[in-house]
A.B. asks: 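Structure incoming, see below.
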Amino acid sequence: MRKFNEYKKLNLPNVAKQVLEQWEANNIFEQSVSIREGKQPFVFFEGPPSANGLPGIHHVMARAIKDIFCRYKTLKGYQVNRKAGWDTHGLPVELGVEKELGITKEDIGKKISVEEYNNACKEAVMRYTDVWNNLTRQMGYWVDMDDPYITYENKYIESVWWLLGQLFQKGLMYKGYTIQPYSPKAGTGLSSHELNQPGCYKDVKDTSCVAQFKSPLTPEGGMENSISKAFKLDKTTDSVLASPPPSWELEGAFFLAWTTTPWTLPSNTALAVGLKIDYVLVKTYNQYTFTPVYLVLAKNLVGKQFSKPYFESTSNEDFSTYKAGDKTIPFKIIAECKGSDLIGIQYEQLLPYAQPYVVASSVGNPPPSGELEGAAFRVIPGDFVTTEDGTGIVHIAPTFGADDAKVAKEAGVPAMLVLDENDNPVPLVDLQGKFRPEMGEFAGKYVKNEYYNEGEAPEKSVDVEIAIKLKEENKAFRVEKYEHSYPHCWRTDKPILYYPLDSWFIKTTAVKERMIALNKTINWKPESTGTGRFGNWLENLNDWNLSRSRYWGIPIPIWMTEDKMEIICIDSVELLKSEIEKSIAAGYMTENPLADFVVGDMSKANYEKFDLHKNYVDNIVLIAASGKPMKRETDLIDVWFDSGSMPTAQLHYPFENKDLIDKQKLGIADFIAEGVDQTRGWFFTLHAIATMVFDHVAYKNVVSNGLVLDKNGQKMSKRLGNAVDPFETLDKYGPDATRWYMITNAQPWDNLKFDVEGIVEVQRKFFGTLYNTYSFFALYANLDNFTYAEAEVPIANRPEIDRWIISKLNSLIKAVENAYETYEPTKAGRAIQEFVNDHLSNWYVRLCRRRFWKGDYSEDKIAAYQTLYTCLEVVAQLSSPIAPFYADLLYSDLSKVSGKGNTTSVHLSNFPTVNESVIDTDLEQRMNIAQQVSSMVLSLRKKEQIKVRQPLQKLMIPILNPTFKRQLQEVADLILSEVNVKEIEYLEDTSGVLVKSIKPNFKTLGPKYGKIMKQIAALVTQFNQNDIQEFEKNSGVEINVEGQQVMLDSNDVEIITQDIPGWLVQTEGGLTVALDISISQELKEEGIAREFVNRIQNLRKDSGFEVNDKIAVKILQHNEINDAITKNKNYICTETLATQLDLVNELNEGVTVDFDNDLSTLITIKKLN
RNA sequence: AGUCCUAUAGCUCAGUUGGUUAGAGCGCUACACUGAUAAUGUAGAGGUCCGCAGUUCAAAUCUGCGUGGGACUACCA
């Protein structure tokens, strides 16, 4: 006979270990994929982690989410292939290696060859793969780790090159410049990541300067835009305008603009203002030259700029008596306008050392011809302009500021670029950080004193010299030291420059609209990330800067001639090989590094004969059509492009698996999931590449999960020491409880405050209860030899409570299925746990206990076993995506005995189907009534201190409608046995003894009566018993509120019973229950009998008897109990399996038992055989 | 600085289209049960629904402005 496994106790970590062994011994994961061969695929993409670092607890979270839906879809019959992947390139890898080897970037190519360096990176990056694989195994994340995609492998790189080739052919790649952080001493650009290293931003004191940019009040030639027009100046505006004193410089005014980097002023080509900001025109004198001036600045900043020595004055006297050198200087606001009025006004170049060359030539993106003469040196709008500090007018030097470049480009203002010796456009500062020859007396000087070698720096920095020059020329309004935080190069410790650097760009802006449109078809979880964070990101899309000046990454596969006229993008190894052949023929190369590569041979061995990394491809010189040599563009690509390429690159598309992508659409994921921090990372690069190359989405459903914080809501970090070790957690609590906790505690997209106490709770509350329920089932099923061999007892033949739990179960299947389908794992888990704890364990099992251990192996008993079995089986299946180990144990323990379902593993079974016909909402409703009534009766008993063991005669329930009565009748037995009462009396509403209360229904009345709602409510609440009776008789009433007739019908109010005079009553919601607490002699004796049953049962247990052992009982007689025992002898015997029960006169041995009312006696029990 | 998320009991979280006693679990207190027993049940205490303003007959719920927490992006003349 097969028996259900019974356990001594629940040990979840051990369960996981055991089940894991089973999985591995029987290749369950492989089977779960292979048994669905030929079925519809469910496409999942694994976002590649970097094996460079160790996994944290948040990886358990992220991977649990991925795992859940892949397992769920497998249960639903889909084939779910999941290929693991490794992200292997990138700066963190390089930095780690440099730290380990004790070198810096400068040493590459000197102390260490690029080849050695790259090999070190390759080795380092896969260092922790074992740890990762272990985590994956232990947490039960099913992903194919035997055949992962690895981004540094040649096949992968070849696919990436192919994608780049597609973009190139579509004209979506171009070379241009962008303003990037640049370290002149290190001679390299810096990534924002490098800039965000701790300590990079330092507080420094710089010479800041508010410069005066001169603009004629009314320019000659009658320019449309002018200061006088903007401020609507005429002779009435100011007395000075009406009759200017001879010294007053009237022909112009000045824009004030502040800068902390005066060395950028010679490169100024525009001034930016905020369109909505208020500006004023101020009359005053320059504090350095004492010249009278008109100045333009933001109204809000007048106070800040005109601090001492200035004072505000409206008196003409102050102005006419002012003379050079006075300690105080008067100023007066004479007109006001909006920023928008200033747009387009031209001004004189501040420091005219050079004129802007038109625009940098850019490969693939020729400059718009016919640059406007005089497009520079005018006022343009800038949405970033604030009145926080400065003047509300921002000096724009497009060559040295990212924002500057952006607004200048938008306004059509050229950057200050000049042509160098080779006719290449360059900024006024060279790559060493020195001024170019055009800069006159400043030529050859470093723009920052920090760039000079030790001891060589001049006394006055360029900033100071420029400030002095401006002061002398009446071009400086204010010069002072200013302390602010400024980024420094983390290697040289010198301040960085923002500097235009050449880069390759992908023209994502060209497909912006398409990306927005496609994004609208993606199901984002949560939706707001898709419309908000991601959507906004797309709306404000910039071109994708692809270049990285690094060593360890995928090289840009572009070769160019020196004159940049001829260019080739290599999109396959085959093409590279043949191009090299041509080059060899022309004598540019001597041998072909790809000589051994066999075109068309996709074997691993063939692809390991060469290397596509920088150290190899940089040596390759190709030949252009004209016969000129072509060299590779030296940059690598952004590693985000690596990972965004994975849908096709993981399959080596299009060189292999072409059909899988083209025909079976395996290049489009049904589902992906990563942290919300990937929104602009992986989620974006996948979307961008798919849109640009294939014109379709890369994924249909995406879950972006939040962070895992510590229990105090702080971010976990090694530094703070609050990081949770995932292995320790899994070892201690087991993967099931950990996963269940993470999934049910917070929605995946909310941040999780991770607290191990929560796991303990889940362990005890959910798994403990489920385990207990199973143990209970197994204990009695084994005693009765139940193996689910009998035919299914028809649902209709099963008792009310069985039909109820089956109805609940099917409602649960429906809810859980819906939750999984909509990527809401939290809802699924919570629904399951509510079912298990509240319905199955706390109601069904509790109420049915007797059915399992009492009586013969009848149909009722079989029905009970079948029902409980089914519930457990289905719960195991529904939970298996979240708690894959325990669910599998539970399911297998059941199915191995019964032979039902898949007897190997829950993960090979089919998701349960809902049986709508057994969902009975009326039944669920009336069980709800039963639960409520029981709870109320128990509450009453408690108030009166009457134990549940003491039977009571009756309870009374007022019946207000026939449906309620029927529902109550059908669950009456359940209630009576649960609360140990003999009968229910239904109080029909004819007696008039019921005290009722009436409550207005705001939901129906509100819309109808609006404003007089409050008065109606007040009136209705004051109805007395007569009014209510009257209302019920006529099923409505008409009342008068503030002169308005108001018709109330029965839907507009709720009438409930409140009291039954003379009885002990409890009211809750609409339900009222009265309890008869008088205890007759008979009831009392029955109560005593039950007490005895209880004591005897305890004794049985203490004596270690088996549950089905027969016993003989002896009780020392006692006047208070003799009748109770003799009258209920039969009852006591059946309950306790006693075949003999004797009241004896004397008992020398035995156990003393006490009862409430100070009486005690002795009992002995003996096992019989 | 911008964008997005978030704020409900001591803690972790629910709370339907706005509808009048705001719920659950844990924890705490008291009690009960004792053939699920290292389990279980019942009851009690515990709330400025972050603040302010608005819309409405009615706001935890909708709108606006703030504050705290978090993320991402950018970076300041």
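Protein chains get the first letters and strands the later ones, always in sequence-line order, with residue 1 at the start of each. Note that the coordinates shown come from a computational prediction; the quantities given were computed from them, not determined experimentally.
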A.B. asks: Looking at B/A36, B/A14, B/A71, which one has an atom nearest to any side-chain atom of A/T773?
C.D. replies: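 The nucleotide sitting nearest to the side chain is B/A36.
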A.B. asks: Out of A/V708, A/N745, A/L707, which one pairs with A/F754 under the side chain to side chain contact (heavy atoms under 4.5 Å, CB included) rule?
C.D. replies: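 Running side chain to side chain contact (heavy atoms under 4.5 Å, CB included) over A/V708, A/N745, A/L707 with A/F754 returns exactly one hit, A/V708.
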A.B. asks: Hey, is the main chain of A/A270 close enough, under 3.5 Å, to the side chain of A/Y347 for a donor-acceptor pair?
C.D. replies: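 At least one qualifying donor-acceptor pair exists.
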A.B. asks: Over how many whole Å does the gap from A/L271 atom CG to B/C76 atom C1' extend?
C.D. replies: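 Distance, rounded to whole Å: 16 Å.
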A.B. asks: Within the structure shown, what part of the strands sits under 4.0 Å from A/E527 by heavy-atom distance: base, sugar-phosphate, or nothing?
C.D. replies: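 If one applies the 4.0 Å heavy-atom cut-off, A/E527 turns out to touch nothing in the nucleic acid.
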A.B. asks: Measure from the side chain of A/R846, starting at C-beta and using heavy atoms only, and say which of B/G41, B/A14, B/A71 lies closest.
C.D. replies: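 Closest nucleotide to the A/R846 side chain: B/G41.
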A.B. asks: Could you state the atom-to-atom distance from CG of A/L497 to C1' of B/C75 in whole Å?
C.D. replies: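 Those two atoms, CG and C1', are 16 Å apart.
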A.B. asks: Checking all strands, does A/G758 fall into the base, sugar-phosphate, or nothing category for heavy-atom contacts under 4.0 angstrom?
C.D. replies: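 Result for A/G758 = nothing.
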A.B. asks: Aromatic contact between A/F683 and A/F534, with the criterion being ring centroids under 6.0 Å apart: yes or no?
C.D. replies: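 No, they do not, as the ring centres are separated by 6.0 Å or more.
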A.B. asks: Remember a base hit wins even if backbone is also touched, and classify A/T679 as base, sugar-phosphate or nothing at under 4.0 Å, heavy atoms.
C.D. replies: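 No contact.
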A.B. asks: Whole angstrom is fine here: how far is it from CZ in A/R830 over to C1' in B/A14?
C.D. replies: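 Answer to the nearest Å: 7 Å.
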A.B. asks: Look at the side chain of A/N842 and decide which nucleotide, out of B/U40, B/A36, B/G19, has an atom nearest to it.
C.D. replies: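 Of the options given, the side chain of A/N842 lies nearest B/U40.
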A.B. asks: Report, as a single string ordered 5' to 3', how protein heavy atoms within less than 4.0 Å touch nucleotides 62-69 of chain B: B base, S sugar-phosphate only, - not at all.
C.D. replies: --------
A.B. asks: Nearest whole Å is fine: how far is B/G25 P from A/F766 CZ?
C.D. replies: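 To the nearest whole Å, that distance equals 16 Å.
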A.B. asks: Report yes if a side-chain nitrogen or oxygen of A/R764 is closer than 4.0 Å to either non-bridging phosphate oxygen (OP1 or OP2) of B/G27; otherwise report no.
C.D. replies: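 Result: yes.
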A.B. asks: With a 4.0 Å cutoff (strictly under), does any side-chain N or O of A/Y498 reach OP1 or OP2 of B/C75?
C.D. replies: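 So the side chain of A/Y498 is outside the cut-off, no N or O lying under 4.0 Å from OP1 or OP2 of B/C75.
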A.B. asks: Give the nucleotide from the list B/A36, B/G19, B/A14 with an atom nearest to the side chain of A/D750.
C.D. replies: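 Nearest listed nucleotide: B/A14.
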A.B. asks: Taking only Lys NZ, Arg NE, NH1 and NH2, and the carboxylate oxygens of Asp or Glu, determine whether A/R830 and A/E834 approach each other closer than 4.0 Å.
C.D. replies: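 Between A/E834 and A/R830 there is no salt bridge, as every charged N stays at least 4.0 Å from the carboxylate O atoms.
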A.B. asks: Expressed as a whole number of angstroms, how long is the span from A/E539:CD to B/C4:P?
C.D. replies: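 From A/E539 CD to B/C4 P: 12 Å.
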A.B. asks: Stem ranges for RNA chain B, with three or more consecutive Watson-Crick or G-U pairs under 3.5 Å?
C.D. replies: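 When the pairs of RNA chain B are grouped into runs of at least three, the stems are B:1-7 with B:67-73, B:10-13 with B:23-26, B:28-32 with B:40-44, B:50-54 with B:62-66.
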A.B. asks: Counting heavy atoms from C-beta on, name the nucleotide in B/U12, B/C26, B/C4 closest to the side chain of A/K753.
C.D. replies: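 That would be B/U12.
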A.B. asks: Starting the side chain at C-beta, find the nucleotide from B/U42, B/C57, B/C4 nearest to A/S528.
C.D. replies: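 Among the listed nucleotides, the one closest to the side chain of A/S528 is B/C4.
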A.B. asks: Which value, rounded to the nearest 0.5 Å, describes the distance between A/T264 atom OG1 and A/D404 atom CG?
C.D. replies: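 Reported value, rounded in 0.5 Å steps: 8.0 Å.
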A.B. asks: Does OP1 or OP2 of B/U12 have a side-chain N or O of A/N745 closer than 4.0 Å?
C.D. replies: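 The answer is no; no side-chain N or O of A/N745 sits under 4.0 Å from OP1 or OP2.
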A.B. asks: Rounded to whole Å, please give me the gap between CD in A/E834 and P in B/G15.
C.D. replies: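 Interatomic distance, CD of A/E834 to P of B/G15: 13 Å.
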A.B. asks: Taking it one step at a time, do A/R941 and A/N980 satisfy side-chain hydrogen bond (donor to acceptor under 3.5 Å, both in side chains)?
C.D. replies: CA-CA 10 Å; A/R941 294 188 85 115; A/N980 197 15; 5.8 Å; no
A.B. asks: Within this structure, what is the CD1-to-P distance between A/I1012 and B/A58, rounded to whole angstrom?
C.D. replies: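 Distance, rounded to whole Å: 14 Å.
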A.B. asks: Please work out which of the three classes, parallel, tilted or perpendicular, describes the rings of A/Y774 and A/F777, given edges at 30° and 60°.
C.D. replies: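 Ring orientation of A/F777 relative to A/Y774: tilted.
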A.B. asks: A/K9 near the nucleic acid: base, sugar-phosphate alone, or nothing, with a heavy-atom cut-off under 4.0 Å?
C.D. replies: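 No contact.
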A.B. asks: Look at the side chain of A/L707 and decide which nucleotide, out of B/C13, B/A71, B/A36, has an atom nearest to it.
C.D. replies: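 For A/L707, the side-chain atoms sit closest to B/A71.
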A.B. asks: To the side chain of A/F1002, which of B/U20, B/C57, B/C13 is closest?
C.D. replies: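 The listed nucleotide nearest to A/F1002's side chain is B/U20.
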A.B. asks: Tell me if the side-chain of A/K1003 makes a donor-acceptor pair with the base of B/U17, cut-off 3.5 Å, by modelled atom types.
C.D. replies: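 Present.
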